[in-house]
Every structure is written in C-alpha cells, then in structure tokens.
Amino acid sequence: MKLYNYVNEKYFEGGRDFMNSDKIKLYATLTIGIIAAVLEFIFHLPSYAQLIISILGLLLALIMFVDMVKVLKSGNFGIDLLAITAIVATIVLGQYWAGWIVLLMLTGGDSLEEYAANKAKSELKSLLDNTPSQAHLIIDQTVKDIDIDDVKVGDELLIRPKEQVPVDGVVFDGTSEVNESSLTGESVPVTIGKDSHVMSGSINGENPFKIRAEKVAADSEYQAIVKLVKESETHPAHFVRLADRYAVPFTLIAYVIAGIAWYISKDPIRIAQVLVVASPCPLILAAPIAFVSGMSRTSRNGIIVKSGTALEKLNSAKTVAFDKTGTITEGRLIVNGFKSVNGFSKEQVMVYAASLEQNSSHVMAKAIVDFTLKHNLELLPVTDLKETTAEGIVGKIDDIEVKVGQAEFVTDEKVDSVTGSGVYVSIDGEYAGVYSLLDQIRPEAKTTIQGLKNFGISNILMISGDKKEATELVASEVGITKAFPSSLPADKVKIIRGLGKEYHPTVMVGDGVNDAPALALADVGIAMGYKGANAASESADAVILQDDLSKVTTAVKIAHDTMKVAKEAVLIGIFICIALMIVAGFGLIPTIIGAMLQEVVDTVAILYALRARSDKL
C-alpha cells in the first residue's frame, strides 16, 4: 500500500493545494457576483457593485500577471496575457459585468479542465483504485490477514472467491477462473489450476485457491503497471508545449483586430468587445486533454503509454524495428522439417529421439516430443540416461544406444545442414536423422507488419540474435524486407543509432533484457511486457500488456487519431475565436454577450478534444 498511497497522492491527488486555490478563486468570484447582483438589482447601488467586481478583477489579474512573468522567465510565451488584457479592459471601460463573466470563465475553466482530465484518465486511475491492500496468509492451517507489503516470497496465501490476487504467485491447491482484464485488457476469464502462474491484480472467480508467493508486492505485476501509470502522468507531451507557439500569432491577431476596431469606430469599448471573445482556453486546454484522452484509450486497449511525447512520435514514425524471438515469434520452437538417413525409417528415428527427449527439460525437447505424439507414435522406455548440458542426451532403448543433440555430440559423420536449429540423432553410433526447429511465428505478425505499412511506415526492420537463415526466413514470411541476424544487444544499439535523420522518429519493439538498450535508445521503445520482461518494460516508452503483437498497430492508430484530434481541437477553437473577434470588431456583439460566448468556445474545444478517448475514430 505504500506505493499506492505515494502514487495516488503525488500523481492523481497531487496539486491538491493548487486545485483548492482554484476552487477558492471560483467560489470568491461566484460570491462577489451574487453580492454585486444584490447591490445593483435589489438595493440599486451599481457603483458599489462595480467597485467590488473591479477590486476582485484587478486582484486576480495581478495574480495572473505574476504567474505569467514566471512563465516568460522560463522561456515560454504566456497566453494569459490576453485574459489579463480582457479583464483590465472591461473593468477600466466600465463593462464590469462582462469582466465578471470573464473572471467566472477563467476560474470555472480550471474546474472544467479538472473534470475533463479526470474523465479522460479514468481507465488509468482505475488501476490505482483497484490495488489490492490485504493478503490472507496461511500459517499452520489457519488464515491471518496481513498487509500486502508484509508478504514474503514463499508465503502461502489463500485467494477467496471474488477477491484480487495480492502478489504474483503459483497455484499449489485448487482450481478457478481469474479475470485479468485490468492487467491485459482481455475480458475472457483464464482457467487456472495447480502450477499455474497468476498475476497480482487478477480477480478470482467463484472458487477459492491457494498460491505460493513468487514476488513481494512491490515487484509484482500489478504494482509494476501502477509504476507505469505514474510515469504516464508525469511526462509532458511535446505537442502540448507546441500549443504555446500558437499563442504568439493568436495574441497578435487579437490585438490587431481590437486596435483596428477602435481606430475605425473611435469607440474604446470595441477593444473590450474584441478581447472578451479572444479565448485562450483552446490553446491551454485542448491539446493536453486530447493527449490524456489518447493515453486513456491506449490503456483501455491493453497498452500503457508513458507520455504524450511517445504518442506524438508514434504518429510521425518513419522506422519500426522488431526483435525476432518472443516478439515476431512466440518464443516457442516447433519442428518445421525432419528427415531420416542411412536407411533408418522415419518412425523409428522419431520414436527413439522423442523417447529420450521426454526426459529432458531443454526447450527443443518438448518440440520433438510433441511432433512425435502428433504422429500417434508411442514412446519407449529408456535406460542408462545421461544428459550433457549444451550438447545433448544419450540413453539405451532395448540395449541400442541412441544420441540426440548437437551434430558433434551425436556423430563424427558429415551431417545435413538445416534452415532452423538442427537437432541430430544417431542410433548405434550411426547418423540416423535430423530435425529442423524454428520459432513459431505469431499468427498476427504478418497483418501487423502490413498494418504499419498502411500507415505509411515503409522502413520496417527485424534485428535478431539468431543466425542468418532463420532470421531471413521469418522476415520473408511476415513481409519484412530488412533483416539483421546475429545481433547482440550492442549491435542492436549500433543499428538504431546508425539510422539517418530521414528514418526518424524510430520505434523499437522487443520483449527481453537484451532488447532494453535498444528500446531506451529508440525515439519510441515498445516492450512486449506480457507476464514479465521487466527490464524491457522499464526501458520502454510504451508497454503492451497483452500477448498480442497487433497492439503495435493499435498504438500507432491511436497516436494518429490523438494527434489529429489535438490539432483540430486547437485550430477549431482558434478559428471560432477569430471569427467572433471580427464580428465583435464591427460592434455586433455586446461585451457581456461576448464574455458568455467565450465559455461556449472553451466548451466546444474541450469536448472536441475528449473525442480522442473514443475507439470509433
């Protein structure tokens, strides 16, 4: 709970004093408005009403001016200059009720922004709201409730029906179904039983079960995602800062229109009429809300994006580089070729090899055993079994010596070369056959690559530590034209670093520790973080929580949609304001009506920016 409390306080309730300050300003504005209305319309004392509104307006304008100076000192242009000018102009020119409406808009706008931002990030915040807080520790057949921070690796825990799994663990008793939707976005429950791994944050179904803790709470999967949520809230988007660049021409346009209107009409009231509709809020609010909305949408789709900057770069990406094993492929070997030689039958070689390999824990052994069982062949008992690490396994079947493994371990004869990883077999010292094993290509890999090409990303690479033949075979299968085989982590970094400016921004997609340096170096690193890959996840700018490569294309689509909505929201607000300023310049919009219209412009821009949350774009 320590991490939850820290993150919740700092990143979702943080700035509480600031928000309380804004609420005080809002309440003060409303209170002064009510008092002024009573004085003017009930007691018929308009001069007193004007006085208290003027004092409040000038005081808040002074506070805004001080804040604006701080912004200017930091090297940015403060759009608040327009709002300050509008307040001062309306008060000085006697349009105090219009000035009060502008004040209400500015103070109320902060509350509207908070509402919109909270609505946009609701899916992200739900991770924190649902963080498990307690665990049921089993001690001598009794159950004791403890804080999840007190759970130790190896502790035995009871998971009751409808409860959340407090820490990552392995089931040792009971069966049930768990809902991992808050972690992976997958709504279909997962069946678990003895030896199944369960992630913290999963919600149990109807049956109780027991787990043995594999990690402490701070290192468990759910808390790792919470940390990612924290990071996603603390990185400002580059485009949000770019929105400030619109402030300079927009402010100049407003002043020019106001000046021309005053010059032609000779009426200083025209200045106030123009400036009250020159709403800066589309610039201040629209882009940030669009990006928070976009990050909310990625979270809802099983992707954690750590910053709006990552979304912007994904939108303009020119290169995507993939790791092979565990990313383009499933990290699970299958037999893609087999042949027997020297007169041995295929069935005999397959049965002998699988009979030995069923006793091995090597990753290639399971593929060979599964391949044999699919042919409905029965395995035989083995004696005198001995396995040599990184070389192979040897044993006897009916007093016949059988060897399975590397070519040098199996035989001195010349052997056949294979496309994938070769596993060789000898029977009674004679070379008998060879398996070619390849990593299983993800079924969604080809459509993912094509989807990226459809978004205009033509430079798609695959960087792998595997040998040339296997790497190029996988690349050609999924539609990747540039493959870099036999690449160590340092080589991956060199390849990413060596890409020219015309190939940036770059995106790197990987799943393991060996990918972490390249993920950190790329403009956008995307980690396949399903059930682990902590080093990759920490180095990446985005993490895919589901075991689904097509989420890369989903992330790019959301980035495109978000950037489009952000730009449109800003420009819509600006163009509406300019149109209203021109109309106001002809004296067709009374000052008080113009102040009200400003709120309408703000609402339109904010609501449009919230469209970035929708999956229907």
Side-chain angles (χ1 to χ4, degrees), residues 317-339 362-364 367-368 371 406-408 414-424 433-500 502-503 506-519 521-522 525-528 536 547-550 552-553:
K318 293 187 174 67
T319 298
V320 179
F322 290 91
D323 170 53
K324 182 179 77 69
T325 306
T327 303
I328 294 292
T329 65
E330 295 181 347
R332 178 171 58 86
L333 294 174
I334 60 166
V335 176
N336 79 302
F338 166 77
K339 72 174 183 178
H362 195 278
V363 65
M364 293 182 176
I368 291 173
F371 180 73
Q406 298 288 337
E408 298 80 4
K414 184 179 179 180
V415 297
D416 298 271
S417 60
V418 294
T419 302
S421 300
V423 177
Y424 298 85
V434 58
Y435 292 86
S436 174
L437 278 71
L438 282 177
D439 199 351
Q440 178 70 51
I441 297 174
R442 290 178 181 271
E444 73 274 15
K446 189 170 184 177
T447 56
T448 298
I449 302 304
Q450 186 57 51
L452 294 175
K453 291 178 179 178
N454 293 341
F455 279 113
I457 304 173
S458 57
N459 193 40
I460 300 178
L461 322 175
M462 188 167 74
I463 309 173
S464 173
D466 209 344
K467 62 183 183 180
K468 182 178 180 180
E469 292 81 1
T471 300
E472 291 183 346
L473 179 63
V474 172
S476 63
E477 283 286 326
V478 299
I480 294 175
T481 54
K482 296 181 183 178
F484 297 84
S486 305
S487 299
L488 298 174
D491 298 319
K492 294 181 180 182
V493 169
K494 288 179 181 178
I495 292 168
I496 297 296
R497 184 174 287 141
L499 293 170
E502 67 274 19
Y503 296 115
T506 59
V507 179
M508 175 70 193
V509 186
D511 75 313
V513 174
N514 63 321
D515 299 315
L519 290 171
L521 178 65
I526 300 179
M528 298 291 291
D547 193 20
D548 184 356
L549 188 65
S550 69
V552 175
T553 308

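Residue indices begin at 1 and follow the sequence shown. As the structure is a prediction and not an experimental result, all values here were calculated from the model.
- The shortest heavy-atom contact between Pro517 and Val493 is CB-CG2, 3.6 Å.
- The number of heavy-atom neighbours closer than 6.0 Å to NZ of Lys453, taken from other residues, nucleotides and ligands shown, is above 12.
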- Dump the intermediate steps for side chain to side chain contact (heavy atoms under 4.5 Å, CB included) on Leu521 and Met508, then the final yes or no. CA-CA 9 Å; Leu521 178 65; Met508 175 70 193; over 6 Å; no
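- Looking at every heavy atom in both residues, Ile526 comes nearest to Val552 through CD1-CG1, 4.3 Å.
- Atom-to-atom distance recorded for Ser486:OG and Ile463:CD1 is 13.0 Å, nearest 0.5 angstrom.
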- Checking side chain to side chain contact (heavy atoms under 4.5 Å, CB included) for the pair Val434/Val415: CA distance, chi angles, key distance, verdict? CA-CA 8 Å; Val434 58; Val415 297; over 6 Å; no
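- No side-chain donor-acceptor contact under 3.5 Å links Thr327 to the backbone of Lys324.
- One distance of note links CG of Asp323 with OG1 of Thr329; it measures 7.5 Å at 0.5 Å rounding.
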- Task: For side chain to side chain contact (heavy atoms under 4.5 Å, CB included), just list the numbers for Ile460 and Ile449, CA-CA rounded to whole Å, side-chain angles, deciding distance to a tenth of an Å, and then say yes or no.
- Result: CA-CA 8 Å; Ile460 300 178; Ile449 302 304; 3.9 Å; yes
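- Sequence neighbours left out, the pairs with a member in residues 433-459 that pass ring pair (Phe, Tyr, Trp, His ring centres under 6.0 Å) are Phe338-Tyr435, Phe455-His560.
- Contact detail for Ala518 and Ile496: the closest heavy-atom pair is CB-CG1, 4.4 Å.
- Atom CD1 in Ile480 sits 12.0 Å away from atom NZ in Lys482 (nearest 0.5 Å).
- Judged as a side chain to side chain donor-acceptor pair (under 3.5 Å), and not counting sequence neighbours, the contacts of Ser550 are Asp548.
- Annotation for Ile457 and Ala317: closest pair CG1-O, 3.5 Å, computed over non-hydrogen atoms.
- Of the possible donor and acceptor atoms, one in the side chain of Ser487 sits under 3.5 Å from a partner among the backbone N and O of Pro485.
- In this structure, Glu469 CD and Thr471 OG1 are separated by 8.5 Å, a value rounded to the nearest 0.5 Å.
- Here the rule is side-chain contact (heavy atoms from CB on, under 4.5 Å) with Phe322, and of Leu461, Leu549, Val507 only Leu549 fits it.
- For Arg442 (side chain) and Gly326 (main-chain N/O), a donor-acceptor pair under 3.5 Å exists by modelled atom type.
- For the pair Asn454/Gln450, a side-chain contact is recorded, criterion being any heavy-atom separation below 4.5 Å from C-beta on.
- Side-chain atoms of Ser436 and Lys339, non-hydrogen and from C-beta on, never get closer than 4.5 Å to each other.
- Within the 3.5 Å criterion, the main-chain N or O of Thr319 finds no donor-acceptor partner in the side chain of Thr506.
- For the atom pair NZ of Lys318 and CD of Glu502, the computed distance is 9.5 Å after rounding to the nearest 0.5 Å.
- Of the possible donor and acceptor atoms, none in the side chain of Tyr503 sits under 3.5 Å from a partner among the backbone N and O of Gly498.
- Here the CD1 atom belonging to Ile441 is positioned 8.5 Å from the CD1 atom belonging to Ile328, to the nearest 0.5 angstrom.
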